Amino acid sequence: MPDKTTRRLLMVLAASLLLSSCSTSDRDRATRDPYPYWEQEAGVPEAADFMKVEMPAGATEASGAVQANPQEDIYLLSFVTDAQTAVRIAEDLGTEKPLRTKAVSLPPDRELFGHLGLPEPQTLKGARWAGVCPPCVKDHRRDSVQWIDVYVYDMAGGRARVYLHAF
């Protein structure tokens, strides 16, 4: 029968082997992209397709991105259009409440629209917001979308920037 010190060493060795077998090697860690990360090839078409949003004719300054996450990817889409079209896009999402002005708030913990070179919409004074859960309002066009935030920020000349954030 092993003495007390030998038993302790065997227990420490067994625990070390068990822990190391459950962890990934540094080589594996280096080959994976850490979450979250921005999908390099994804942009306006991918974001618009996921949200089932048609880019309006005459829209300018369109930008989009996809942020990969372990559970739900985040899709961003923004463009400038006339103010009436911007409101129609928000209405087409099936929001239960109309666009409403929100108080200016701090930017999110992680950069979202900043990745596109844009200010975060919740930091813009006068930006109007609405949110919708497509499955909750039975919008079958968007079965794979859990939530969409839409912000409309009025600009000069009757134009407005639309910000769409979905997952």
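Since the structure is predicted, the reported quantities are computational estimates derived from the model, not experimental observations.
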In the single-linkage hydrophobic clustering (I, L, V, M, F, W, Y; side-chain heavy atoms under 4.5 Å), do [X] and [Y] co-cluster?
X	Y	answer
Val132	Met51	yes
Leu116	Tyr75	no
Phe50	Ile74	no

Any heavy-atom pair between the side chains of [Y] and [X] that's under 4.5 Å?
X	Y	answer
Trp38	Leu76	yes
Thr81	Arg88	no
Met55	Leu77	yes
Glu39	Glu46	no
Asp139	Val145	no

Where [X] and [Y] come nearest, the two heavy atoms and their spacing:
X	Y	result
Arg159	Gly58	NH2-O, 3.6 Å
Ala86	Ala160	CB-CB, 3.9 Å
Val53	Arg142	CG2-NH2, 4.2 Å
Ala127	Pro121	CB-O, 3.6 Å
Gly94	Val137	O-CG1, 3.7 Å
Ala62	Val44	C-CG2, 3.8 Å

[atom2] on [Y] to [atom1] on [X], rounded to 0.5 Å:
X	Y	atom1	atom2	result
Leu118	Ser63	CG	OG	4.5 Å
Glu54	Ile89	CD	CD1	9.5 Å
Lys52	Leu93	NZ	CG	13.5 Å
Gln146	Cys136	CD	SG	8.0 Å

**OP:** Give every residue pair that meets the salt bridge (charged side-chain N to carboxylate O under 4.0 Å, His left out) criterion with at least one member in residues 60-75, sequence neighbours excluded.
**Re:**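 As it turns out, the salt bridge (charged side-chain N to carboxylate O under 4.0 Å, His left out) pairs with a partner in residues 60-75, which skip direct neighbours, are Glu61-Arg161.
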
Donor-acceptor pairs under 3.5 Å, side chain of residues 148-155 to any protein atom, not counting sequence neighbours: which ones?
{"residue": "Asp149", "atom": "OD1", "partner": "Trp129", "partner atom": "NE1", "Å": "2.9"}
{"residue": "Asp149", "atom": "OD1", "partner": "Trp147", "partner atom": "NE1", "Å": "3.0"}
{"residue": "Asp149", "atom": "OD2", "partner": "His165", "partner atom": "ND1", "Å": "3.4"}
{"residue": "Asp154", "atom": "OD1", "partner": "Arg128", "partner atom": "NH2", "Å": "3.1"}
{"residue": "Asp154", "atom": "OD2", "partner": "Arg128", "partner atom": "NH2", "Å": "3.1"}

Original post:
Is there a side chain to side chain contact (heavy atoms under 4.5 Å, CB included) between Arg110 and Gln67 once you walk through the steps?
Top reply: CA-CA 11 Å; Arg110 284 189 268 157; Gln67 185 186 68; 3.5 Å; yes

Subject >> Results of ring pair (Phe, Tyr, Trp, His ring centres under 6.0 Å) for Phe113 - residues two or more places apart only >> reply: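 Testing Phe113 for ring pair (Phe, Tyr, Trp, His ring centres under 6.0 Å), a comparison that skips the adjacent residues, returns Tyr163.
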
